[in-house]
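Only one structure is covered here, and it is reproduced in the block below.
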Protein chains: 2
Amino acid sequence: MSKCEQCIVRQFSSLKALNKDELLRMAECKTSYTIKKGEPIFEEGEVTNGIYCIKDGVCKLSKLSDNGKDQIVKLVKPGELLGQRSMISDEPANLSAVALEDMEVCFIPRSEVMQFFTQNNQFSMNVMKTICEDLKGADDHMVNMAQKTVRQRLAETLIYLEDTFGKNDDGTLRIQLSREELAGMIGTATESCIRLLSELNKSTYIELIGKKIKLLDKNKLKRLT
Amino acid sequence: MSKCEQCIVRQFSSLKALNKDELLRMAECKTSYTIKKGEPIFEEGEVTNGIYCIKDGVCKLSKLSDNGKDQIVKLVKPGELLGQRSMISDEPANLSAVALEDMEVCFIPRSEVMQFFTQNNQFSMNVMKTICEDLKGADDHMVNMAQKTVRQRLAETLIYLEDTFGKNDDGTLRIQLSREELAGMIGTATESCIRLLSELNKSTYIELIGKKIKLLDKNKLKRLT
DNA sequence: AAAAATGTATGACAAATATCATATTTTGAT
DNA sequence: ATCAAAATATGATATTTGTCATACATTTTT
């Protein structure tokens, strides 16, 4: 059982507001998990009974649509918390969380978090602000989905992926999504996504190196959006 | 200056948690407005400095997209509060609020609400739950925008409008949206919206009576979605 | 009441996107 | 290392949706 006090990612989440005492209590009741790429942390409809703190690795939050396609709503990085909304609403998860890379996460039981929540004003304020950010992000995202073309959404998403998760040494996107997952982010058919990538490749906006993607001219891409 | 204590719509919002004392204070600092149909309550980017309580009338929350079209994110009914996210995030409004009917609203200054927020735990919990509901709604809405066809979204929206705002005596939708606004809700071009309405009209899913819309077979419509 | 402005409707067409088929490449299991 | 399965790629085609033009209806202004 490692000490939460010394955990670096905690500093990036709402948990940074916890005091020494609370951190000790959390260290005692938390459970650490390793999640392999492709495995779920929780699924849509599941009762989560606590929140997850992402220590390492990236996961996708997605929802299965009636047409059988999985729409990715958000990608979540180390330092972020999962399951805050469910905890506050006291509802099952609205989205599935699946690892895009091998992950390390800590589970903190609902009872404990709720205690911090009512006792520690700064913590609850942090959680609230995070949810407010998510709401703003979701509203903006919705407008993009409704008003922009697939090509625009693809260009935007590629830029977002580079800005948020960075590049490998060879300049390709560090985060590795399958074509299907990328299609799930921009909300289109996998074939359409692949076709548009080919097109952007031919017109030297990007370079496709196997399954990897390298942005060649971010400004040119930005002009597409 | 009317008494908040006796205001009925308060019972439907987070404000129901306020005690007598707080209600008296609120009654003293609030400002009442009447807003005519088509007028804004606030605009995207505006610093709101407080929240609005909708006493009467319906308004739309929308965001201007880069393509010049106004995407409607949500419709807001009496009893709901506006500007909660901006207040908590301490940011300008992310959406514009424009009256769809003549409205009566009360403005409560930020300073006052924040006081309730820190003093009255039930109130802050209510606000938080509302924002969580909004987040869930926005995520679901986003998935629909990304994965469903315009026809499906139109059918869904028509059902939502009848279920949420009811019917007139002649069976037509009580809430009166222009074709452009309806298009703004489903995220499509006005002409496409009009064309699909015509189509639904011809195939007796709905009946168009002037600018009004009457749902003829809700179950048949539901099967479209 | 007439004229102008706005909103609704429809046709014609172009562009965007989905679907289905199939080929090729890559990955994973044995 | 080989085979099967999965992922990626591309062509052909159908469908959906957007755009532009124009007509008609309704509302507002003068």
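Just the heavy atoms: all of them, side chains too, but no hydrogens, waters or symmetry mates, feed the values below. Throughout, a chain's letter reflects where its sequence line sits, starting with A, and its residues are numbered from 1.
Nucleic acid contact for B:T149: sugar-phosphate only, since backbone atoms but no base atoms lie under 4.0 Å from a heavy atom of the residue. Within the 4.0 angstrom heavy-atom criterion, no nucleotide atom of any strand lies near A:T190.
When atom types are taken as modelled, the side chain of A:E101 and the backbone of A:K37 share no donor-acceptor pair closer than 3.5 angstrom.
Taking the six-membered ring where the residue is Trp, A:Y160 and A:F165 present perpendicular rings, their angle passing 60° and hence far from 30°. The aromatic rings of A:F107 and A:Y52 sit tilted, their planes meeting at an angle between 30° and 60°.
The nearest whole Å value for the distance from the CG atom in A:D70 to the P atom in D:dA7 is 13 Å. Between B:N67 atom CG and D:dT17 atom P there is a gap of 16 Å when expressed in whole angstrom units. As rounded to whole Å, 16 Å separates atom P of C:dC20 from atom CD1 of A:I194. Rounded to a whole Å, the CD1 atom of B:I206 is 10 Å from the P atom of C:dA9. D:dT10 atom C1' lies 13 Å from atom CG of A:L196, rounded to whole Å. Remark: P of D:dT16 and CG of B:L154 are 14 Å apart, rounded to the nearest angstrom. The distance from atom NZ of B:K211 to atom C1' of D:dC24 is 12 Å, rounded to the nearest whole Å. Rounded to a whole Å, the CE atom of B:M145 is 19 Å from the P atom of D:dT16.
A sub-4.0 Å separation between OP1 or OP2 of D:dG18 and a side-chain N or O of B:S192 is present.
Each of B:L224, B:L215, B:L197, B:L158 was evaluated against B:Y205; a single residue qualifies, B:L224, per the side-chain contact (heavy atoms from CB on, under 4.5 Å) test.
For the pair B:E191 and A:K69, both in contact range of DNA chain C, the more 5′-proximal nearest nucleotide belongs to B:E191.
Between the base of C:dT19 and the side chain of A:R195 there is a donor-acceptor pair shorter than 3.5 Å.
The listed nucleotides are C:dT19, C:dG7, D:dT10; the one nearest the side chain of A:A189 is C:dT19. Listed nucleotides D:dT17, C:dA9, C:dT17 differ in distance to A:T188; the shortest reach to its side chain belongs to C:dT17.
Salt-bridge check for B:D134 with B:R85: failed, with every basic side-chain N at 4.0 Å or more from each acidic carboxylate O.
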